[in-house]
Structure formats: structure tokens, C-alpha cells
Amino acid sequence: MPKLSIDGREVEVPAGVTVMQACQSIGIEIPHFCFHERLAIAGNCRMCLVEMQKSPKPIASCAMPAADGMVIFTDSPKAKAARHGVMEFLLINHPLDCPICDQGGECDLQDEAMAYGFDRGRYVDAKRAVSDKEFGPLIATHMTRCIHCTRCIRFLTDVAGVEELGATGRGEEMEIGTFVERALGSELSGNIIDLCPVGALTSKPYAFLARSWELGKTESIDVLDAVGSNIRLDARGQRVMRVLPRLNEEVNEEWISDKTRFAVDGLSRGRLDRPYVRRGERLYEVGWRDVLDLLAQRLKAVPGERIAAIAGDLCDAESIFALKELMKGLGAFDLDCRQDGAKLDARQRAGYLFNTSIAGIDKADLCLLIAANPRFEAPIINARLRKRFLAGGFRVGAIGAAFETTYPVENLGAGGEALALLAAGEHAWAKALRQAKNAMIVLGQRALARPDGAAVLAAAKRMAEDFALVREDWNGFNILHKAAARVGALDLGFVPPEGGRDVAAILEGCRRGAIEVLYLLGADEIETKDLGSAFVVYQGHHGDRGAERADVILPGAAYTEKDGTYVNTEGRVQRARRAVFPPGEAREDWAILRALSAALGAPLPFDTLSALRALMIEAHPRLEESECLEPAPWGAFGVEGALSPDPFAIPTEDFYSSDPISRASPTMAECRRVFGMGSPPARTGTHG
């Protein structure tokens, strides 16, 4: 470990650390623009200059490795003069438009100019002007402000894996842009807004709506996929204005997907803000007391075996637990949370988790994707896979239809026949699985939603055991979820008992008349047009697919409007927090269910969220510890059987319209229009 002197202090740092990182390790701040710890080093802004003994000129501390015997001065007159000079050059052409810049108040250039710049400028020549570039519906460009840090280029090339930005020209004539003008085709493109240290790249939907100091900030969890990305909700009044990422090294590092960031405008459109009751072909507004009394009368008149409930993909664990308790009191046990019909077994937790963990991808040396498209099902996990690929020594194979990727993927076959061969050890890739030190299997929901889904699950389990993917120090068996509520609902046992009806059987029962009352808790991903004469209750926050056929509508709260517990795809318990209140007469889902139970004359044993949560944790202790991963014991799951040779379907068409919030978002609608089929096209690393 090299030892060096920094401002008179002896410092010992790990090998490979830069001078800047060595300075930061002892609390010395080094100004910089181009450096970012998750991006390749560029060393082109020169703001991080420090003085090094025996060096004829200042050095760029971000690009200089710390070496034994170095003597560094970060606050010497020479270092200060160098930074002043760099700042003066940066401001030569920078426009004086801070009052109208959306980056105002959050701008690194403002902060650095205040700390390291002069109080006056010496240049009187005309400033240059650069034409703005068209990056699509999400990112607004003001390229005259650009200081050529190249963070955006390095992020899209290295992290997102979409080589669409570059620099043309040199010196003052250098410009950042796409080589052929078109929208950025990455599902992670919005992160370059956060990376930009000036106001050159800003959020187009958020433009001129608010200032950062006007906003209340709430730390929460994203629920638009099952990754559980840590986010910050910025709200003004009763409106969430924007969503930003929070740092969590174990989950999303500091990135979020474009859907997480930009679908926020869907929270204020198409909302259900008061109860409705259907009379004939029309829905009429009613009061809460009337609708609960009406619903209680209907439920009392129906035996429990003719009542069913389906929980949706965005529900918090507390509301799912409350609904299960309500149904239990009614004698109804036809419950399901698997709207897509996935043949997941709730009895064995290891059989429905991403057991390797998201951070564990960094230790893997081989990955097999089965009917999974991480790029559009879980962009943050896909970024981890690309990060592992760039580190070297990582192979990826895929069984399923071809799809666009951001890293090389070997096509091993299209359907069940290839999976059966691999499970039997007769496929050419079986040798690679056996020889890998830490191999992982990632099983997508489309494979499990087929009629032979249980057999696919069993085959994947058998592979994990036969190829030693499950050991005391490693579990390479992974289920890739898309629904934020799915793992929590499975933990709560919101599935039918032995002989009970799953989603498909519930819907068929409605058509045949065997189910008289169907309770939909935010369930918007099922076909509700043909439910026979069933009485449908929809409780949710958007007038989406679930509300189309509803006889009673109970307005609930979106994830930004309630405190709740979610469990992500790897089994990590996380808490979402309320940023604003629900609109109009809408109420939190657990409170609606509690009020309904009182109208039924059998009130549930809680009156507050904390009491409900305590009851839930008592029944399911694993939901108590947040942000902790607990390895699940390995056991029996799946059902052995023949695998259909039909190709596995790969989800690529619904990235921008996968949930009611995204479908209500004008920004997501514009993305669907621009990119087509709901998914941004990849232009590198084609699967095949």
C-alpha cells in the first residue's frame, strides 16, 4: 500500500487509488467536473489540479495514481492559481442564464465558481453559441452551457451500453451530440441529467415547473418494477414534481430507469378520487357510507366459496394482508396475486426469489437467461449484468426468442426443447455450467406463465442442483420479477390453498357463474371484459383496466400517497413513505378495507397502520427487518413434467406501459410514440 504526504499529513491508501481519492479519504475536498467514481476516468476538465513536489506543473489528481513517496499540496498558491485559471476559462463562454436554468440551485458549476472562482471576469469578447440537440422526449438540451466533461458520453457507452453520444470537433469547436440526430435509445438515459454538472442536460417534462428549494423531499421506494430502486420524491403542495435516485450500493447504486423517473406525471392523470357505483351502463358518484353499506350487504348475501380476490402488482404488503384477513373473515379462500398466471410456489421462498441478490451479480462468472429480458423487465439489474461483463470473465447465454441486449449473449435455443436438453446435460452449454465457479440462472415470468410453467420451474431447479449452483456459499437460482407487490404477496401467502382457484380459474368461475363477487385490489393486468354476471369490486388509484368492468369503485392511494412495505425481487424488505396525500375522497387501501370490515359487522383488529403492521409482522416475522437479505432455505418446488417445445415469449413491448401509472403518463405515451411498441430500440450488442 503506497504512502504519500498530503498537505503535511502522512496517508496510506490501497494500491490503484488516485490522488483525488486519497485526498477525499482524509476529508480534503478536491473540486472536479469530469470525474465520477462509477465512470471511466477522462481527466479533461482539469478542475482537480493539485501541486506535486518536483513536478514542473500541477497534476490532474483524478487521473494520477497515488504512488509511494508522493508529496501533494492541495491548497498551495500554485494549486489555487491553477484552479482559478481553469474556472476562468470554463466561464469564458458559459451563458449568464442562471435565473432561467432548471439546474439553478443544484448546479456544480455554480458551487465551484463560488468556492474557487474570481468575483469578476476579464473577457469582453462575444461568447460562442452552440445549437441545441434533439435527444428525444425526455431530455432537454442547452448545449451552449456544456463544459465538455463527457460524463454523458461515458455513462451511455459504459453503463447503459448504448453508444449513441459522442464529441465532434476540437477545442472551442467541440460539440456533444448524437452522430445522427435521433432520440436516445436507452431505458436509463435520464441518469445523464443527474450526471451533468451544469444545465446542458435537463429534464424536458420537468422544464420550468419548479425550483429545487420549493420542493419537499421524501425518501421512498420505486414500485414500477420489482427491483425496489431507492428514490427521492420531490413534491410541491399536493403534486409530486419529480423523482430522483437515492444511493443504495446493494440495489440500484445511484441509477434509476426512465420509467421510474418520468412516469411521475401519470400520478395526477386518470385518477379515481371518489367512490362510484354502477347502475345500468353508467357509474354514479356516491358517498363512502353508502358505498360501504351497499358492498357489505352484497358480501353478506354471498357464501364465501363464491367470493374471490386478486391483488395487483403495485399493492403494498399491508393492504394485501388486510385483504387476506377480510376474505378469511368472509370464508373466501380463492385468492391470488399472480395476475400473469405464473406457476410460482409460495411454500418455498427460495423458489420465487432472486437468490443471488443484485449485488451478488458482481461475483458471478456465468449467467443463463431463460425467457428473461432484464433490459426491459429490470433495467437496473441489466446495468449490473453489463457492469459484470465489462469486468471480464463473464459469459451470458439465453434460451428464448432473440432480443436486443447491451452485452453479448449466446443464443442457446428458443423454447422448452433447448431447456430440456440443457437440464439433461446434453446441451453444449452444459459443460460451461459445470465448469463455472459461480453460475446463475435467471428465470423470467413469461416462462412460468405458460401452461407448462410448473415444469419449467422444476427443470430450472433440477439444473441448479445438478450443476452445483446451490451451495452453502452461493445460490445461483433466480426468479426475475416485474411486479413490485409479487414477492411480498407470496411471503404473505396470498395464493389459493390446495384445490383453490388461481387467477385463471377465478376468471373462468366468473364466466360460468361459480364466482358471484370478485374483489380486485389494484389488479389491472387481467382481462375483465368477459366476467359474466359477477359483481366486480375494484379498489385502486387509476381508472385503468380494472375499473372498466367494475360495479363498485373504491378510490385508493398511489405509492407516493401512503406509507407501505414492499419486498423486492431479491427478498429485500423496504419501506415506502408518503410524499403527498391522496386526491379528493381517495383513502389509503388498508383504511378502506378496515372500514369495509366494520360495515360488515366484523371489524379487523387494527385501527392504525402501525397496529396493522405489528399484526402483519407477528404473523410473518420476515417482514420486520428492512434492508436486510436473509438467505432462503432450499426445498422442493415446481412440478416435474414434459416441457412444451414452443418458443419462450420475451417481454419487449410493454416497458413504457406496464402499469396504470405509466399508461396514464403523457410522457410515457410520447415515448411509446417515438420508440414504437413501447420499448426503446437497442443499437448495440444484439442477442444472437
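Computation of the quantities below employed the complete heavy-atom set of this structure, encompassing side-chain atoms and omitting hydrogens, waters and symmetry-equivalent molecules.
When side chains are defined from C-beta on, Phe155 counts as touching Leu188, because their heavy atoms get closer than 4.5 Å. A 4.5 Å side-chain heavy-atom check between Arg572 and Glu250 finds at least one atom pair inside the cut-off. Here the side chains of Arg46 and Phe89 are not in contact, with every heavy-atom distance at 4.5 Å or above. With a 4.5 Å cut-off on side-chain heavy atoms, Cys367 and Phe394 count as touching. Residues Cys146 and Met174 are not in side-chain contact: their nearest non-hydrogen atoms beyond the backbone lie 4.5 Å or more apart.
The existence of a salt bridge linking Asp194 and Arg261 is confirmed by a sub-4.0 Å separation between a basic side-chain nitrogen and an acidic carboxylate oxygen. Electrostatic pairing of Lys133 and Glu175 counts as a salt bridge here, judged by a charged N lying under 4.0 Å from a carboxylate O. A salt bridge links Glu134 to Lys204: at least one charged side-chain nitrogen sits closer than 4.0 Å to a carboxylate oxygen. Under the 4.0 Å criterion applied to side-chain N and carboxylate O atoms, Glu253 and Arg38 are assigned as salt-bridge partners. Comment: Glu570 does not engage Arg384 in a salt bridge, judged by the lack of any side-chain N to carboxylate O separation of less than 4.0 angstrom.
For the pair Lys78 and Phe73, the cation does not sit on the ring face, since its NZ or CZ is not both under 6.0 Å from the ring centre and inside 45° of the axis.
For Arg128 against Glu172, the heavy-atom pair with the smallest separation is NH1-O, 2.6 Å.
Among Asp222, Ile221, Ile381, the one residue that satisfies the side chain to side chain contact (heavy atoms under 4.5 Å, CB included) test with Val227 is Ile381.
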### Task
Run the numbers on Ile193 and Tyr206 for side-chain contact (heavy atoms from CB on, under 4.5 Å), then give the verdict.
CA-CA 11 Å; Ile193 297 170; Tyr206 176 72; over 6 Å; no

### Query
When you look at Arg575 and Asp563, which way does the salt bridge (charged side-chain N to carboxylate O under 4.0 Å, His left out) test go after all the steps?
CA-CA 7 Å; Arg575 311 288 187 204; Asp563 294 325; over 6 Å; no

### Task
Determine, stepwise, if the pair Arg395 / Glu410 fulfils side-chain contact (heavy atoms from CB on, under 4.5 Å).
CA-CA 8 Å; Arg395 291 178 68 183; Glu410 302 172 43; 2.9 Å; yes

### Message
Quick one, Glu164 with Ser186, criterion side-chain contact (heavy atoms from CB on, under 4.5 Å). Give me CA distance, side-chain angles, the key distance, then yes/no.
### Response
CA-CA 9 Å; Glu164 294 187 345; Ser186 170; 5.9 Å; no

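Partners of Glu88 according to the salt bridge (Lys or Arg N to Asp or Glu O under 4.0 Å) rule, which considers only residues two or more places apart in sequence or in another chain, are Arg122.
Annotation: Phe354 is not in aromatic contact with His481 [ring centroid separation under 6.0 Å not met].
A donor and an acceptor atom, one from each side chain of Asp258 and Tyr656, are nowhere located under 3.5 Å apart.
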